[in-house]
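These numbers come from the heavy atoms of this one structure, side chains and all, not from hydrogens, waters or symmetry mates. Here the structure is a predicted model, which means the values were calculated and not measured.
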Amino acid sequence: MSKVLLFVFLTWLTGNPFIAIIVLLVILYALDRRFVGLTPSFMKPLRRSSQLRKLKRHIALAPNDTSSKQEAARILIEKKKYREALEMLEPMERMLEDSAEYWDDLGLCCLELGQLERGEAAIHKALEINPRVKYGAPYLRLASYYSKNNREKALAYIASFQDIQSSSCEAFERLAAIYKLMDRKQDTAEAIEEGLRVYRALPRYKKRTERKWAIRLLIKRIAG
């Protein structure tokens, strides 16, 4: 009802319903970005591309700067340019052989490029170095990949994840999605409810970062 009244007010103010719709959408987008975060950021891809260009220029001048190469590879992964990221990561294996983050990034690229065995081996190496790397996300990633063709393996990875992570709404949202792929309705519902319970128990400052995942869980609950 409030949105309808706002639309009527904006139409009266601008004298044009189409402009009013645009203004209303901009307001809703700004509110979502400020308080929720469900909609994508229009500025983030631009900032990411700008940072990548700067890193590439720097790397051209300082080809031995491993940290800059690793950062550039992570931006490429965010942009889903997995082959280019892999080409940047592979030569750094000897220098970063003790980095769990490196092996997980390498494994992710391999998985996305269809190199399943190599990807899984790399992620396992990351977990051997640090079982809590990236808050357990590698376990969920492997569970997602195996959820359709090897359910026992998927469940084993989920169990490993649950051993180290129990307070992330994002994690439970991803967990519910995996269970849904496996057609495990009861487990899906329980993951949703546990994620929402976690959100309710969070301190106020933490709820800001977890709110969008809680809303996604709520949508999953409503959709059944």
Side-chain angles (χ1 to χ4, degrees), residues 1-7 9-10 21-48 50-51 71 74-75 77-80 100-101 104-105 108 123 126-127 130-145 147 154-155 157-182 184-224:
M1 186 65 181
S2 58
K3 293 184 182 67
V4 174
L5 292 174
L6 180 58
F7 172 71
F9 171 74
L10 289 172
I21 290 174
I22 293 172
V23 173
L24 181 60
L25 290 174
V26 169
I27 292 172
L28 292 175
Y29 174 78
L31 289 173
D32 174 79
R33 293 304 306 164
R34 175 65 179 84
F35 297 106
V36 182
L38 282 176
T39 55
S41 169
F42 292 126
M43 295 303 298
K44 186 176 180 180
L46 298 176
R47 289 195 297 267
R48 198 162 47 193
S50 175
Q51 179 66 10
E71 186 179 352
R74 286 175 180 165
I75 293 175
I77 289 172
E78 290 177 8
K79 293 167 70 69
K80 301 188 185 300
E101 289 79 7
D104 183 58
D105 288 341
L108 170 57
I123 292 175
L127 293 168
N130 179 7
R132 296 179 176 273
V133 62
K134 298 181 182 178
Y135 304 101
Y139 289 117
L140 285 184
R141 189 179 303 123
L142 289 170
S144 180
Y145 273 96
S147 60
L155 287 172
Y157 283 126
I158 289 172
S160 295
F161 166 78
Q162 290 176 319
D163 286 341
I164 65 170
Q165 177 61 273
S166 61
S167 60
S168 166
C169 296
E170 177 183 1
F172 281 107
E173 196 274 340
R174 294 178 66 180
L175 191 59
I178 292 169
Y179 278 136
K180 188 174 182 179
L181 285 174
M182 299 172 68
R184 296 172 66 99
K185 296 181 180 179
Q186 183 60 35
D187 288 328
T188 301
E190 289 178 1
I192 291 170
E193 293 305 318
E194 183 63 16
L196 292 172
R197 185 197 66 76
V198 165
Y199 178 75
R200 289 192 294 269
L202 290 172
R204 183 175 298 177
Y205 76 91
K206 184 66 174 174
K207 285 183 176 180
R208 168 67 183 88
T209 57
E210 295 286 337
R211 187 172 294 128
K212 69 176 181 180
W213 301 107
I215 291 174
R216 291 183 183 185
L217 285 166
L218 191 59
I219 291 171
K220 277 183 166 61
R221 178 207 269 175
I222 294 170

Mind checking the [atom1]-[atom2] spacing from [X] to [Y]? Nearest 0.5 Å is all I need.
X      : Y      : atom1 : atom2 : value
Ser147 : Leu142 : OG    : CG    : 11.0 Å
Ile164 : Leu127 : CD1   : CG    : 7.5 Å
Leu196 : Arg221 : CG    : CZ    : 5.0 Å
Ile215 : Tyr199 : CD1   : OH    : 7.0 Å
Lys206 : Ser168 : NZ    : OG    : 7.5 Å
Glu210 : Leu202 : CD    : CG    : 6.0 Å

Taking all heavy atoms of [X] and all of [Y], pick out the closest pair and write down the distance.
X      : Y      : answer
Gly195 : Cys169 : O-SG, 3.6 Å
Val133 : Ala126 : CG1-O, 4.3 Å
Tyr139 : Pro131 : CE1-O, 3.6 Å
Ala191 : Leu217 : O-CD2, 4.5 Å

Tell me which donor-acceptor pairs under 3.5 Å the side chains of residues 170-179 have, and how far apart each pair is, sequence neighbours excluded?
residue: Glu173; atom: OE2; partner: Lys220; partner atom: NZ; Å: 2.5

Exercise. More than 12 heavy atoms of other residues, nucleotides or ligands under 6.0 Å from NZ of Lys79: is that the case?
Worked result: yes
Problem set entry | Atom NZ of Lys180: over 12 foreign heavy atoms under 6.0 Å | no
Problem set entry | side-chain contact (heavy atoms from CB on, under 4.5 Å) evaluation trace for Arg204 with Lys207 | CA-CA 5 Å; Arg204 183 175 298 177; Lys207 285 183 176 180; 5.5 Å; no
Exercise. Who passes ring-ring contact (aromatic ring centres under 6.0 Å, His included) against Phe161, sequence neighbours left out?
Worked result: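 Residues passing ring-ring contact (aromatic ring centres under 6.0 Å, His included) with Phe161: none at all.
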Exercise. Got a sec, which residues hit side-chain hydrogen bond (donor to acceptor under 3.5 Å, both in side chains) with Gln162, two or more places apart in sequence or on another chain?
Worked result: none
For this session: Answer yes when Glu71 and Arg74 have at least one side-chain N-carboxylate O distance shorter than 4.0 Å, and no when they do not.
Result: no
For this session: Decide yes or no for Leu155 and Arg184: does some side-chain heavy atom of the first lie under 4.5 Å from some side-chain heavy atom of the second?
Result: yes
